[in-house]
Amino acid sequence: MYKTHTCGELRAAHAGQNVTLAGWVNRRRDHGGIAFLDLRDRFGIVQVVCNPGLSPESDQALDALRSEWVVQIEGKVQLRPEGMQNPNMATGEIEVVATQVRVLNPSKTPPLYISKDEEEPDENLRLKYRYLDLRRERMKRNMELRHEVVLFMRKYLSERGFLEIETPILFKTTPEGARDYLVPSRIHPGQFYALPQSPQQLKQLLMVAGMERYFQIARCFRDEDLRGDRQPEFTQLDLEMSFVERDDVLDMVEGLFTALIPAVAPHKRLLASPWPKLTYAEAMERYGTDKPDLRFGMELIDVSDLLQASEFMVFKGALEAGGVVKCLVAPGCAAYTRREVDELTEIARNLGGKGLATLAETAEGPKGTAAKFLRPEEIRAILSRTGAKQGDLILFAADQKPIVHKVLAALRLHFRDRLNLADKDVMAFAWVVDFPMFEWKEDEQKWDAAHHPFTMPRLEHLDRFETDPGSILSDAYDMVCNGYEMASGSIRIHRRDIQSKVFSLLGISEEEAQRKFGHMLEAFEYGAPPHGGMAPGIDRLVMLLADEPNIREVIPFPKNQAARDVMADAPSPADPAQLKELHIKVVE
């Protein structure tokens with residue numbers, strides 16, 4: 001081995017020992033002919049003192065040393081002189097006095113700072129040189145945290161009777177709401193595999209196979225528009241359980257995360273235990289979204305009934321068209337300027353809203369665009385219902401309910417960040433349950449699965465398939481935290497008659513169902529047990545635990561915001577010979 005110890009393990013107890021270290025030169029300082037090196041490896045940093053006259057080879061190596069050179073140091077550990085200890089370093093009590101310096105590999109001047117986390121390089125530069133970026137302390141911490149999270153999950157589930165089972169990456173298309181990545185087959189010209197958007201069908205088949213408790217740290221692939229919490233390929237904890245009802249699955253996952261958080265991120269704390277449980281309808285009414293951030297208040301308040309007789313055309317028109325008027329209270333924002341209110345209005349318009357009406361409760365009385373059009377009794381009723389105090393700003397959205405919810409949900413998060421309303425060290429987990437089973441696609445004039453077509457509908461709603469599909473609730477559930485969807489799952493269909501009923505409503509013919517899902521339908525006829533599961537996202541979880549702004553910071557080699565790997569320059573054109581072998585022609 002090139003080293004007897006790591007750079008991070010030496011302490012006062014090692015004083016007097018001869019050691020061999022190897023790593024990167026993190027920093028070099030020269031004082032009166034003596035060179036001080038901060039030597040770094042994955043485990044930490046140690047100070048090395050290099051006196052002149054070691055040996056001709058060592059002196060020559062020392063003269064050439066620069067940052068990020070890979071070196072091997074032989075030397076003796078000694079206590080630092082009194083008053084020279086560094087309390088900011090784990091190895092700050094000691095230093096290594098070099099007896100030999102050997103260069104293992106020189107380095108060009110790096111294109112980005114590695115030893116200074118506070119000087120943040122451009123992200124595309126970091127991604128182009130990701131192998132250098134990963135040397136930085138911030139990124140090293142993120143990779144270590146990711147490892148600890150996955151290790152805890154594996155141990156926790158294994159101790160509770162789960163088997164870790166791998167499923168194929170080359171499979172058949174899985175309807176999950178995004179486009180598939182297709183892989184052409186050379187052996188079967190004109191035919192394609194699909195990379196799995198999730199192991200959905202396969203984990204259900206494992207339940208049919210009698211595995212009963214399965215999990216996998218699964219790689220998933222979705223060709224969808226990117227955001228800060230999305231990547232073309234991502235990792236999730238995939239798990240499935242047989243002979244369970246909804247709350248059995250929720251209790252298992254809640255127990256896992258409740259134990260995991262203090263173990264891997266002790267500075268984080270749970271907002272509540274047990275976690276609150278909201279219905280989908282309740283979450284939408286109170287927060288305008290099915291992934292609410294519960295770390296702060298500012299709930300949406302419906303004031304439609306207070307304004308039925310209002311002559312304010314913004315409100316009157318919305319209510320006459322079957323819409324609603326809802327509002328939220330921004331604390332301490334009554335003094336917002338016209339420009340600041342215009343910025344909020346622009347947010348609303350960008351989300352499809354027609355604008356915003358405002359009511360500021362000031363020492364001089366009500367002000368704002370709504371104040372001059374509302375009667376005194378209407379203002380009093382609104383202030384009473386909202387609980388707005390002097391100095392607060394009320395923002396109204398008046399439109400069809402989906403647009404109102406979308407606008408106010410976005411404004412709620414805007415104020416969260418602007419007013420610093422949420423404690424970043426609080427993890428506000430919650431369950432959202434009772435999702436609609438189907439949603440109507442107006443442009444296609446057809447029903448679509450709100451979750452996925454293998455989700456079990458509420459059994460008491462089976463008689464509504466022919467009469468009122470929109471009212472059918474599913475046995476689906478989401479885990480949310482701090483405004484993010486952290487996991488999605490459901491109790492699955494395990495009966496062929498119910499699965500065929502769902503396919504029929506979705507407009508999937510028997511022939512198409514057999515072609516796409518024949519293996520599933522046949523499996524259900526061989527004693528498929530009741531089963532359900534879910535798939536928490538590992539990238540999003542680590543992102544929140546590491547206080548990072550997006551999941552790219554916790555993935556070793558991510559794509560950029562344009563879905564490109566700028567390090568390897570992928571995607572890239574294929575060699576014509578490869579395309580010919582695959583019977584593929586690129587059409588402009």
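Just so it is clear, the values below take in all heavy atoms, side chains as well, and ignore hydrogens, waters and symmetry mates. The first residue in the sequence is number 1, and the count goes up from there. Because the structure is a prediction, the values reported are computed rather than measured.
- Closest non-hydrogen pair, R246 versus V433, comes out as NH1-CB, 3.5 Å.
- When all heavy atoms of A449 and F438 are compared, the pair lying nearest together is CA-CD2, 4.4 Å.
- In summary, the aromatic rings of Y181 and F221 are positioned with their centroids too far apart to meet the 6.0 Å limit.
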Can you check side-chain hydrogen bond (donor to acceptor under 3.5 Å, both in side chains) on Y214 and D238, steps first, answer last? CA-CA 8 Å; Y214 138 93; D238 203 55; 2.8 Å; yes

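- Listed by chain and residue number, R138 satisfy the salt bridge (Lys or Arg N to Asp or Glu O under 4.0 Å) test with E548 (two or more places apart in sequence, or in another chain).
- Between M437 and S474, the shortest heavy-atom contact is SD-CB, 3.5 Å.
- Within the structure, the salt bridge (charged side-chain N to carboxylate O under 4.0 Å, His left out) test picks out the following pairs touching residues 300-315 (sequence neighbours left out): D305-R385, E311-K316.
- Side-chain atoms of M298 and F415, non-hydrogen and from C-beta on, do get closer than 4.5 Å to each other.
- Using modelled atom types, one finds no donor on one side chain facing an acceptor on the other under 3.5 Å when comparing H531 with K203.
- N142 approaches A546 most closely through the heavy-atom pair OD1-CB, 3.4 Å.
- Listed by first and then second residue, the salt bridge (charged side-chain N to carboxylate O under 4.0 Å, His left out) pairs involving residues 345-358 are K354-D399 (not counting sequence neighbours).
- Using a 30° and 60° split on the angle between ring planes, F257 and W275 fall in the perpendicular class, above 60°.
- Using a 4.5 Å heavy-atom cutoff, the side chains of E240 and R213 are not in contact.
- Put simply, the side chain of L383 reaches to within 4.5 Å of the side chain of I379, judged on heavy atoms.
- For the pair P453 and I493, the tightest heavy-atom approach, listed with the atom from each and the gap, is O-CD1, 3.7 Å.
- Among residue pairs with one or both ends in residues 253-267, those qualifying as side chain to side chain donor-acceptor pair (under 3.5 Å) are E254-W431; sequence neighbours excluded.
- For the pair A357 and A370, the tightest heavy-atom approach, listed with the atom from each and the gap, is CB-CB, 4.2 Å.
- Using modelled atom types and a 3.5 Å distance limit, the side chains of D229 and N550 yield no donor-acceptor pair.
- In this structure, D248 has no salt bridge (Lys or Arg N to Asp or Glu O under 4.0 Å) partners at least two apart in sequence or on a different chain.
- Between E233 and R219 there is a salt bridge, since a side-chain N of the basic residue sits under 4.0 Å from a carboxylate O of the acidic one.
- Y287 places none of its side-chain heavy atoms less than 4.5 Å from the side chain of D293.
- Relative ring orientation between Y156 and F152 is described as parallel, the plane-to-plane angle staying below 30° on a 0-90° scale split at 30° and 60°.
- A cation-pi contact, defined as under 6.0 Å to the ring centre and within 45° of the axis, links R412 to F296.
- D180 contributes no side-chain N or O that, together with a main-chain N or O of A194, makes up a donor-acceptor pair within less than 3.5 Å.
- The closest side-chain donor-acceptor pair between R492 and T455, if any, does not fall under 3.5 angstrom.
- Scored by the salt bridge (Lys or Arg N to Asp or Glu O under 4.0 Å) test, K372 finds no partners at all (sequence neighbours excluded).
- Cation-pi geometry between K501 and F465 is met: under 6.0 angstrom from the ring centre, within 45 degrees of the axis.
- Between D475 and S490, the side chains place no donor N or O within less than 3.5 Å of an acceptor N or O (distance only, hydrogens not considered).
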